[in-house]
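Structure first, commentary second.
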Amino acid sequence: GTRPLPEGLYTVAIDAASTREVDDALGIELQDGGTILHVLIADAAAWVCAGTALDREARDRAATAYHPVKDHSMLPEELAFRPMSLAAGEPRRALDIQLFHGPDGRLISIDVDPVELVLDRRVTYEEADAILAEAPGGDSLSMTLHDLHALSLRLRNIRLEAGAVIFQRPEFKVRVEPDGQVKLRRLPPASSSQLLVSECMIAGSAGAGQLLEEHDAEGVFRVQPPPDDEIRFDPDQIADPVWLHENIRKLRRVEFSLSP
C-alpha cells in the first residue's frame, strides 16, 4: 500500500515547457537538525506488471528516445503522458526517496516509501529562475524553491570536495517542424533552477543506490571507472572548450551493472 506525504509538504515539478512526461518532483522539510529532501519519482511499476507484453516492450526500449522529428516513448503515450505523468492536483502513485541531511548538507540517513502524490505545482525552468532571481516570498512555491536551491548549493559543494568534476559543455536542441523546417537552438548555460534539479536528482539517485547496496539488493547502477589521468577541476574553466576537450578525453566509458 501507499502512505500519504507529510502534512504541509509542498511539492513542485520543474521541467521544460515542452515536457509531456513529467516523472519527478521535489519537496523539502526544514528541521532544527537539518533538512529532509523528498525526491518523488512516478511509480511505473504501479501500472506495468512484471512479465507482461507491456513490461517486455518497455525493457526492450529501456528509455524514452527524444528525436528531432518525433519522441519515442518507452511506454504507450496513453499511459506515459496521462495517468503515469505527475499532474498538478491529480493523485498519482510515486516513490518518495527521503534524504535526511544535517545542517551542513551531509547525508545522515535514507528512506524510501510508496506514496500517493498530489502535486501542488508544475513550473518551467524559466518560471523557477524568475522566482529564484527575487528575494524569497511568503508563498509556498517561492519558499520551497529557495529552500531547495540553498540545499542544492550545499550538495554541489560537498560533491566538489569529494572530487567531483563538472563539465559545462554547450548544448543544442534540434527540432524538425511539421513543414520540414529544421530549428536549431543553443540552450543557455546551467541556470539556478537547472542546478537545483540536477543536484537534487543526483542526491536522490545516489541515495537510492546506497540503500540498495546496504540491503544487498539488485538494481541498475550507472558506474564509471576512474579517469586515465588526473583531472584538475577549475571552476573558472568549466565552459572553456580547450579545457573541456582535453579533460573529457581522460574519462572512461560509463558502464551499467547490477551492483555498484
Side-chain angles (χ1 to χ4, degrees), residues 1-7 9 11-14 23-51 55 58-59 62-63 74 84 86 92-117 144 147-166 195-227 233 251-260:
T2 61
R3 65 160 180 80
L5 287 170
E7 185 176 355
L9 178 69
T11 55
V12 58
I14 308 172
D23 54 11
D24 59 73
L26 299 168
I28 188 169
E29 294 180 84
L30 302 185
Q31 298 183 335
D32 292 339
T35 61
I36 303 176
L37 171 63
H38 294 261
V39 179
L40 298 138
I41 307 296
D43 187 2
W47 293 91
V48 182
C49 296
D55 179 44
R59 286 170 180 263
M74 183 178 74
M84 291 178 65
L86 305 180
R92 295 287 189 266
R93 293 281 295 273
L95 293 178
D96 180 16
I97 304 172
Q98 304 141 60
L99 301 126
F100 299 77
H101 295 92
D104 60 355
R106 298 190 182 278
L107 186 63
I108 297 174
S109 62
I110 313 156
D111 202 0
V112 179
D113 289 301
V115 297
E116 183 174 274
L117 166 65
T144 297
D147 289 340
L148 286 168
H149 185 249
L151 176 62
S152 72
L153 293 176
R154 293 197 294 273
L155 295 176
R156 177 185 165 114
N157 287 336
I158 290 170
R159 288 201 306 116
L160 291 174
E161 291 171 4
V165 178
I166 297 173
L195 182 147
L196 182 162
V197 171
S198 64
E199 290 298 332
C200 289
M201 296 309 298
I202 289 171
S205 299
Q210 181 177 326
L211 198 63
L212 288 171
E213 183 180 15
E214 289 175 356
H215 289 79
D216 197 26
E218 288 188 344
V220 179
F221 293 85
R222 188 173 186 264
V223 297
Q224 189 172 28
F233 178 65
L251 296 178
R252 304 280 294 277
R253 185 180 296 275
V254 170
E255 301 171 354
F256 291 90
S257 170
L258 295 180
S259 59

TODO: Show your working on side-chain contact (heavy atoms from CB on, under 4.5 Å) between I36 and L9 and close with a plain yes or no.
DONE: CA-CA 11 Å; I36 303 176; L9 178 69; over 6 Å; no
Open item on the list: D104 vs R154, test: side-chain contact (heavy atoms from CB on, under 4.5 Å). Steps then yes/no.
Closed with: CA-CA 7 Å; D104 60 355; R154 293 197 294 273; 5.9 Å; no
- [ ] Carefully, step by step, assess I41 and M201 under the rule side-chain contact (heavy atoms from CB on, under 4.5 Å).
- [x] CA-CA 10 Å; I41 307 296; M201 296 309 298; 3.7 Å; yes
- [ ] Check step by step if side-chain contact (heavy atoms from CB on, under 4.5 Å) holds for L148 and V197.
- [x] CA-CA 9 Å; L148 286 168; V197 171; over 6 Å; no
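Heavy atoms only, all atoms of each residue included: G204 and V39 are closest at CA-CG2, 4.0 Å. Counting all heavy atoms, side chain and backbone alike, D111 lies closest to F100 at CB-CE1, 4.3 Å. The minimum heavy-atom distance between F221 and L212, with the atom names listed, is CZ-CB, 3.9 Å.
A 6.0 Å sphere centred on CG of D216 holds no more than 12 heavy atoms belonging to other residues, nucleotides or ligands.
Looking at P6 and H38, their side chains come closer than 4.5 Å, going by heavy atoms from C-beta outward. Side-chain contact check for L86 versus T11: every heavy-atom pair is 4.5 Å or farther apart. Side-chain contact between Q98 and E29 is absent, with no heavy atoms from C-beta onward closer than 4.5 Å. Between D147 and T35, the closest side-chain pair of non-hydrogen atoms is not below 4.5 Å. For the pair S198/R156, no side-chain contact is recorded, criterion being any heavy-atom separation below 4.5 Å from C-beta on.
Here the side chain of E213 pairs no donor or acceptor atom with the backbone of S259 at under 3.5 angstrom.
Note that CG of L160 is 4.5 Å distant from CD1 of I166, once rounded to the nearest 0.5 Å. For the atom pair CE (M84) and CZ (R92), the distance works out to 10.5 Å, reported to the nearest 0.5 Å. How far CG of D43 is from OG1 of T2: 9.5 Å, rounded to the nearest 0.5 Å. Here the CG atom belonging to L40 is positioned 7.5 Å from the CG atom belonging to L26, to the nearest 0.5 angstrom. Taken to the nearest 0.5 Å, the OG1 atom of T144 stands 8.5 Å off from the CG atom of L30. One distance of note links CG of L99 with CG of L155; it measures 8.5 Å at 0.5 Å rounding.
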